[in-house]
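First the structure, in the form of structure tokens, and then the observations on it.
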Amino acid sequence: MKTAITELFGIRHPIIQGGMHYVGFAELAAAVSNAGGLGIITGLTQKTPELLANEIARCRDMTDKPFGVNLTFLPTFSAPPYPEYIAAIREGGVKIVETAGRSPEQYMPALKAAGIKVIHKCTSVRHSLKAEKIGCDAVSVDGFECGGHPGEDDIPNMILLPRAADELKIPFVASGGMADARSLVAALAMGAAGMNMGTRFIATKEAPVHPNVKKALVEATELDTRLVMRALRNTERVLRNKGVEQLIQIERERGAALKIDDIHDQVAGVYPKVMVDGDMDAGAWSCGMVAGLINDVPTVKELIDRIMMEAGQIIRQRLTGFLDGVVESAPARAVA
Ligand SMILES: Cc1cc2nc3c(=O)[nH]c(=O)nc-3n(C[C@H](O)[C@H](O)[C@H](O)COP(=O)(O)O)c2cc1C
């Protein structure tokens with residue numbers, strides 16, 4: 001399939017694996033890129049720029065295809081040395097960066113001088129337009145369904161994607177709630193040039209996380225995510241668990257007076273406990289509503305091949321069939 005996104009990034013399929021803390025290691029990024037998508041290493045999971053340089057080198061050993069690095073500009077307990085992370089990306093020869101969180105404006109000159117293409121993740125049309133204005137090459141439009149930080153506007157992709165299509169000149173991918181061929185075809189129909197998946201890629205053989213995490217995703221339904229940290233204007237969609245129930249209880253008690261320190265134990269240092277140790281009750285970790293559409297743990301290649309094969313079928317048979325006057329009696333189901 002050819003779209004503005006496959007052309008921009010030099011990839012075979014318009015499928016991106018979004019940066020994911022403690023998930024986006026070289027193993028997953030390389031698997032996605034080898035399968036024809038765009039794999040992304042999560043920059044800040046690497047605790048220093050030197051460690052990121054090693055991770056980039058490891059990824060390069062595993063794939064000769066393009067891959068990217070995610071740089072997240074979120075409020076953290078201590079600000080990382082972003083210019084040094086960018087230097088590691090540049091020196092590692094990586095030509096694609098996914099930025100997220102705050103605007104990447106102040107880092108754009110350095111990224112552009114290194115010939116790096118920037119795709120910025122945005123949860124609103126106004127932030128997407130800002131990204132376009134400051135020279136981003138593409139946008140990842142992240143709807144309210146998404147795992148992680150959906151922003152504070154709560155606009156789902158059914159509205160956000162066509163709104164973005166109406167306003168943007170640069171290409172964009174649909175992010176949040178994307179799981180299968182139906183998601184891809186719907187995203188393309190709404191004006192996107194591809195899709196970005198987070199949660200779905202965790203439930204793959206190559207995702208280097210504890211098996212308990214994959215099992216939890218297969219078992220979870222679309223009802224099992226919770227929004228936390230709204231009072232801090234740092235809303236995050238996470239998978240429900242004991243730690244998250246405690247967090248929500250604290251939020252109820254503190255109300256608008258909530259401070260990040262009140263929930264430190266439920267949000268800080270949770271990722272290694274969940275992703276490495278498999279402690280599924282440890283606290284808040286990002287997870288999308290799309291968990292309700294995840295029923296298996298395929299290899300990344302099986303997942304991507306299946307999506308592309310079924311997307312062809314949906315477009316060629318189902319949709320063209322409607323034009324030809326074919327009335328289907330059954331709804332379109334995913335194969336998995
Ligand atoms: C476990 C997990 C960790 C994530 N960590 C990050 C991160 O560090 N930086 C970032 O920009 N996005 C992060 N995200 C968001 C994803 O890149 C992606 O935008 C999101 O998962 C899309 O929604 P979906 O989960 O419905 O596919 C994370 C998502 C998950 C599920």
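Each ligand, and each atom within it, is numbered from 1 in the order the structure gives.
Qualifying side-chain hydrogen bond (donor to acceptor under 3.5 Å, both in side chains) partners for Glu167, counting only residues two or more places apart in sequence or in other chains: Arg163. Residues satisfying the ring-ring contact (aromatic ring centres under 6.0 Å, His included) criterion with His21, sequence neighbours excluded, are Tyr271.
Open room surrounds CZ on Arg12; 12 or fewer heavy atoms of other groups in view lie less than 6.0 Å from it.
Here the side chain of Arg254 pairs no donor or acceptor atom with the backbone of Asp262 at under 3.5 angstrom.
Legend: ring-ring contact (aromatic ring centres under 6.0 Å, His included) pairs involving residues 94-118, not counting sequence neighbours, sorted by first then second residue: Phe73-Tyr107, Tyr82-Tyr107.
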For ligand 1, what N or O to protein N or O distances fall under 3.5 Å?
residue, atom, partner, partner atom, Å
ligand 1, 5 (N), His21, N, 3.0
ligand 1, 9 (N), Thr72, OG1, 2.8
ligand 1, 11 (O), Asn70, ND2, 3.0
ligand 1, 11 (O), Thr72, OG1, 3.4
ligand 1, 11 (O), Lys121, NZ, 3.2
ligand 1, 12 (N), Gly19, O, 3.2
ligand 1, 12 (N), Lys121, NZ, 3.1
ligand 1, 14 (N), Gly19, O, 3.2
ligand 1, 17 (O), Gly19, O, 2.7
ligand 1, 17 (O), Lys121, NZ, 2.6
ligand 1, 19 (O), Lys121, NZ, 2.9
ligand 1, 23 (O), Gly147, N, 3.3
ligand 1, 25 (O), Gly147, N, 3.4
ligand 1, 25 (O), Thr199, N, 3.0
ligand 1, 25 (O), Thr199, OG1, 2.5
ligand 1, 26 (O), Gly177, N, 2.8
ligand 1, 27 (O), Gly198, N, 2.9

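Ion pairing of Arg58 with Glu55 is present here, as a side-chain N (NZ or NE/NH1/NH2) and a carboxylate O approach within less than 4.0 Å.
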